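We name chains A, B, ... by the order of the sequence lines, and we start the count at 1 in each one. Keep in mind that the numbers below use all heavy atoms, side chains included, and drop hydrogens, waters and symmetry copies. All of these numbers come straight from a predicted model, not from anything done at the bench.
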Number of protein chains: 4
Amino acid sequence: MTFKLLRMGTVPERLIEAATRLFADKGFDRVAVQEIVDLAGVTKGAMYHYFGSKDDLLHEIYGSLLRMQTERLDRFASGPAPVADRLHAAALDVVVTSVENFDQAKVYFRSADQLAESQRLAMRAERRRYHERFRSLVEEGQAAGVFRTDVPADLTVHYFFGAVHHLGAWYHASGTLSAKQIGRHYADLLLSSLRA
Amino acid sequence: MTFKLLRMGTVPERLIEAATRLFADKGFDRVAVQEIVDLAGVTKGAMYHYFGSKDDLLHEIYGSLLRMQTERLDRFASGPAPVADRLHAAALDVVVTSVENFDQAKVYFRSADQLAESQRLAMRAERRRYHERFRSLVEEGQAAGVFRTDVPADLTVHYFFGAVHHLGAWYHASGTLSAKQIGRHYADLLLSSLRA
Amino acid sequence: MTFKLLRMGTVPERLIEAATRLFADKGFDRVAVQEIVDLAGVTKGAMYHYFGSKDDLLHEIYGSLLRMQTERLDRFASGPAPVADRLHAAALDVVVTSVENFDQAKVYFRSADQLAESQRLAMRAERRRYHERFRSLVEEGQAAGVFRTDVPADLTVHYFFGAVHHLGAWYHASGTLSAKQIGRHYADLLLSSLRA
Amino acid sequence: MTFKLLRMGTVPERLIEAATRLFADKGFDRVAVQEIVDLAGVTKGAMYHYFGSKDDLLHEIYGSLLRMQTERLDRFASGPAPVADRLHAAALDVVVTSVENFDQAKVYFRSADQLAESQRLAMRAERRRYHERFRSLVEEGQAAGVFRTDVPADLTVHYFFGAVHHLGAWYHASGTLSAKQIGRHYADLLLSSLRA
DNA sequence: GATGAATGAGATTTCATTCAT
DNA sequence: CATGAATGAAATCTCATTCAT
């Protein structure tokens, strides 16, 4: 697959966009800095003016999606609705936002291990917080007696996010299902599997 | 993480084992051929005597797990038991074998995109057959009226295998759950989510 | 070692001071223009406003010490005192001024070869004049019969300035000897070695 | 200055020789790996097959001269002759061997600061041992009453080795003095300056 | 006067693969 | 069967300098 030269936005924006597309398409390790700057229509020097390293680009892309999803989860988890509804909404939302930012999500799903040592720890902590927030919703449902308790909440959350991460492996925009439809199915499957 | 020099088995076996460990640990692109042969206790010449390329090693590891799981799925799917039981057994089995061959599974889960062009197509076809066999079990249950039909079987299968692939991201041998326990939980969640 | 942002003096003065410290610390080739302007608290544009190039900075530092020492040598060499006394005073003085302007001296001692082609010739000629003036003092003593003649004056001068240049390799302000004490010892050693 | 393609010796030998000439001529930081391998008549890959880095080449050159001179100093210092004779012989020898291995010596004299962090400490320790061995000769002479005691032995040794290091700045093979003549003059100047 | 974004050339290093022995 | 020296292409990154504002 080839992409058209990017012409809009500031240089760092174009670089991030170019990197996102290419990392999503071929994986971090298979993308040369030269390809990124070519797609962004600048020179390598310009890239290193704005980003300290190729790793930094990944970190930026990775972190920005993680921040967005953390923030949205917070909103969805903290409403007044019954816990099952809140969990359903949160599950649906994470699928929809992943599909709507699909390149970014693909980078996110596949490249945690490619982060530089220093960034890896910080990102891992952030991801764990996200995981735990989601898990606490499940536990809340268990405590309320609406979710089964024979399967550990932790495991259920891993199970669900596995499904979400796997979107990157099979979803294509050309498919018949919309982001929302997929999200609803995913959320339905999660809720069904949890029903007490 | 560092590994001990491998001393047992034939040269090609040692090479496969070394490559499996290293690919699982760092990802295909981050492993140098030199590291593999060092761990296997041989030289590069020896490796190129037995394998045509680094890609071949990946192909071998990838293909052998895929073959094994395809074969086992065939056995589990074709029994005389009720379809729900057969699906449960198949789901449990794929989790158990993935955990029991964890390094190989990690390589498998993460490296589909790293396969060389020529091998990629063949492997993709094989994987699709596997996916379709599993899906046909779900469809059989839908036809029999024991599984819900409002969620497409295809999507359910992606959902479940997403969960399985994600094992590589969180499972550690040191955890409290055994392979079988995890497999049972996973299979239970799958069956619950499918119940009509 | 890190240095504090320079805040005093005019912009070109701060640039010279920053460059002097950094060149002394790491050597000309290991210092980036960016570091110099960071330490001086200005931007690159400012530097290129005042200096034509990084080489120019070195040239400035190099030349200013050389000019100072040439001038002082002239004063010390041309007095009415006996030649041995004048040589002793000159030798002492070059050590003292080198220690008192230690960063500048370190740059001077180490960086003759880093000067740009065009500047190198001019500086070499200037240095040779300095060397010859010093040598002529030695020759004057030889002619007067107070210095030995079996060792060529030229060689003695190289010998002594080798010792002086080497100060940059071992002297630290934290040592027990003062600039003057070191200078006296050096001058004593020179005079002793020359005694007829 | 340009050099002729090296054709003799093993590849690592040619690389060391090429690096020695070029480092001596232009200084470590001004020599590109490409120049070294061109002069040695091999490719960059070959160089990195034998040496881990450009730093390693410097370390090798630096260390081999240091080892040689340490060993020779040991021999000269430990004889039965009077201490003044032993010091004279040692001083003469270090000059002669420096001149006879002039390229290596020039690299050694100028490049201590360019050594990589890890190697710098080891080399510094080794150099200090050398310095101390030389100093102990001076102290022995002071204790024996044949050398002056008003100038610290330490300082005298720095003084002398400054002169030796400076050879790299002025000596040329085309000069009128032979290595031995220079050595004798240097040793004479040292001994004269030390006479009680 | 001063900024700092951008360039472009070149630096070191890596690595899968080949091949003479 | 097996070695390991050598290649050559490509990777990431650095940096002095320029120039529109």
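A straight line from CG of A/L15 to P of F/dC13 spans 14 Å, rounded to a whole angstrom. Spacing between atom CZ of B/F51 and atom P of E/dT18 amounts to 16 Å, rounded to whole angstrom units. For the pair C/M47 CE and E/dG1 P, the computed distance is 16 Å after rounding to whole Å. Summarising the geometry, the separation between CZ on A/R30 and P on F/dT12 is reported as 13 Å, rounded to the nearest angstrom. Following rounding to the nearest Å, B/D38 (CG) and F/dA2 (P) show an atom-to-atom distance of 17 Å. Counting to the nearest Å, the P atom of E/dG4 and the CD1 atom of C/I36 are 18 Å from each other. We find that CD of D/Q34 is positioned 12 Å from C1' of E/dT13, with the value rounded to whole Å.
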| task | Any chance you could lay out the side chain to side chain contact (heavy atoms under 4.5 Å, CB included) test for C/H49 and C/V11, step after step, and finish with the verdict? | result | CA-CA 10 Å; C/H49 181 72; C/V11 168; over 6 Å; no
| Working for side chain to side chain contact (heavy atoms under 4.5 Å, CB included), residues B/D55 and B/F28 | CA-CA 9 Å; B/D55 286 309; B/F28 181 78; 3.6 Å; yes
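For E/dA6, neither phosphate oxygen OP1 nor OP2 lies less than 4.0 angstrom from any side-chain nitrogen or oxygen of A/H49. Not one side-chain nitrogen or oxygen of A/Y48 sits closer than 4.0 Å to the OP1 or OP2 atom of F/dT14.
Under the Watson-Crick or G-U wobble criterion, with both distances below 3.5 Å, E/dT3 is paired with F/dA20.
Residues B/R127 and B/Y108 meet the side-chain proximity criterion, which asks for heavy atoms closer than 4.5 Å.
Of the residues in residues 52-62 of chain A, A/S53, A/K54 come within less than 4.0 Å of DNA chain F through at least one heavy atom, sorted by number.
Salt-bridge annotation for C/R30 and D/D113: absent, with no side-chain N of the basic residue lying under 4.0 Å from a carboxylate O of the acidic one. Between C/E17 and C/R14, no side-chain nitrogen of the basic residue sits less than 4.0 Å from a carboxylate oxygen of the acidic one, so the salt-bridge criterion is not met.
The listed nucleotides are F/dT12, E/dA6, F/dA6; the one nearest the side chain of B/K44 is F/dA6.
Projected onto DNA chain E by closest heavy-atom contact, C/T43 and D/V31 fall at different nucleotides, the more 5' of which corresponds to C/T43. Comparing A/D29 and B/A46 by the nucleotide of DNA chain F that holds the closest heavy atom to each, the one mapping nearer the 5' end is B/A46. Comparing C/V33 and A/F28 by the nucleotide of DNA chain F whose heavy atom lies nearest to each, the residue mapping closer to the 5' end is A/F28.
Because its NZ or CZ atom is not both nearer than 6.0 Å to the ring centre of B/F23 and within 45° of the ring axis, B/K54 does not count as a cation-pi partner of that residue.
Nucleic acid contact class of C/A32 (heavy atoms, under 4.0 Å, all strands): sugar-phosphate only. B/Y50 comes within contact range of the sugar-phosphate backbone alone, with a heavy-atom separation under 4.0 Å but no base atom that close. Among the atoms of the strands shown, none is found under 4.0 Å from any heavy atom of C/V11.
Of the possible polar contacts, one joining the B/T10 side chain to the B/E13 backbone as a donor-acceptor pair under 3.5 Å is found.
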